[in-house]
There are 2 protein chains.
Amino acid sequence: MKEPLSQQRAERIAPLLKALADPVRLRLLSLVAAHADGEACVCDLNDAFDLSQPTISHHLKVLHDVGLLDRSKRGVWVYYAVRREALADLGSLIGGVGA
Amino acid sequence: MKEPLSQQRAERIAPLLKALADPVRLRLLSLVAAHADGEACVCDLNDAFDLSQPTISHHLKVLHDVGLLDRSKRGVWVYYAVRREALADLGSLIGGVGA
DNA sequence: CAAACACATCGACGATCATCAATGTCTAGG
DNA sequence: CCTAGACATTGATGATCGTCGATGTGTTTG
């Protein structure tokens, strides 16, 4: 990273990091990633936390809104999947800031 | 990343991401990293933003408190330097969550 | 249609955050 | 000492955030 981040680029990246900057959302993301087919249904995720169902739904929405989770509804259930490309890009960007 | 993040690990990592999750702090970090000797004095950083001096000082403190910036005072000036190891660890962790 | 279930949305509340102006602390020069 | 400069700390304010209970939406089953 020779050139410092432009203001616009920083303002585009910060929301992604803000979405990740919560213990519950970090665990949600890794739980989905660790799941069998790379996707997990909300019912499974709810049971992993001591939080209300609306709260989990809220966190999943935050991760979905910034493009870190894909969402697909099948029947009564909703499945979330990690957008690994977005996560990889973000990771290399962070590691790359230090050169 | 086979195993999902433990709650304790998530709670240890989230503050680092929270520190990064701000456009001003992202730019501060990359400005320091892009500086000649890998360190920059606060006076240089202040001029790069349209913010008050206490605000910049606050952001630098946040980055320092989580261990992303080193601080050294020489004479009247204070120099900050990026802790590249911490940044690299965080970056690979993020990229690694998706497998 | 009705009831049950999975999940989302809404409204509210306390907590945290980014920012500023004012003030404090330390260092260097006169 | 005293003044000026570089940076930090404090206190206040408006905005955002995480969480909850209550309610809404859509789907399956009887």
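L5(B) and S30(A) get closest at one heavy-atom pair: N-OG, 2.8 Å. Minimum interatomic distance between P15(B) and R12(B) (heavy atoms only, all atoms of both residues): CD-O, 3.5 Å.
Not a single donor-acceptor pair under 3.5 Å links the side chain of D37(B) to the backbone N or O of E39(B).
When the C1' atom of dT9(D) is taken as reference, atom CG of D65(B) falls 13 Å away, rounded to whole Å. As rounded to whole Å, 7 Å separates atom P of dA8(C) from atom CG of L60(A). The distance from atom NZ of K61(A) to atom P of dT25(D) is 16 Å, rounded to the nearest whole Å.
If you check residues 71-81 of chain B against DNA chain D, the residues with a heavy atom closer than 4.0 Å are R71(B), V76(B), W77(B), V78(B), Y80(B), listed by number. Using a 4.0 Å cutoff on non-hydrogen atoms, no part of residues 10-26 of chain A comes near DNA chain C. Contacts between residues 46-56 of chain B and DNA chain D, defined by a heavy-atom separation below 4.0 Å, involve Q53(B), P54(B), listed by number.
Between H58(B) and the phosphate of dA18(C), there is a side-chain N or O to OP1/OP2 separation shorter than 4.0 Å. Between H64(B) and dA8(D), a side-chain N or O to OP1/OP2 separation shorter than 4.0 Å is absent.
No side-chain heavy atom of L20(B) sits under 4.5 Å from any side-chain heavy atom of R25(B). Looking at heavy atoms from C-beta onward, L87(A) lies in side-chain contact with V82(A) at the 4.5 angstrom threshold. With a 4.5 Å cut-off on side-chain heavy atoms, R83(A) and L68(A) do not count as touching. K61(A) is not listed as a side-chain neighbour of S57(A), based on a closest heavy-atom distance of 4.5 Å or more. Residues L17(A) and I94(A) have side chains in contact (heavy-atom distance under 4.5 Å, counting atoms from C-beta outward).
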> For I56(B) and F49(B), what are the C-alpha separation, side-chain angles and deciding distance, and is it a side-chain contact (heavy atoms from CB on, under 4.5 Å)?
Replying inline: CA-CA 8 Å; I56(B) 300 297; F49(B) 296 86; 3.8 Å; yes
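Across all strands, H59(B) comes closer than 4.0 Å only to sugar-phosphate atoms, never to a base (heavy-atom distances).
No side-chain donor from either of H64(B) and R71(B) sits under 3.5 Å from a side-chain acceptor of the other.
Comment: R9(A) does not engage E3(A) in a salt bridge, judged by the lack of any side-chain N to carboxylate O separation of less than 4.0 angstrom.
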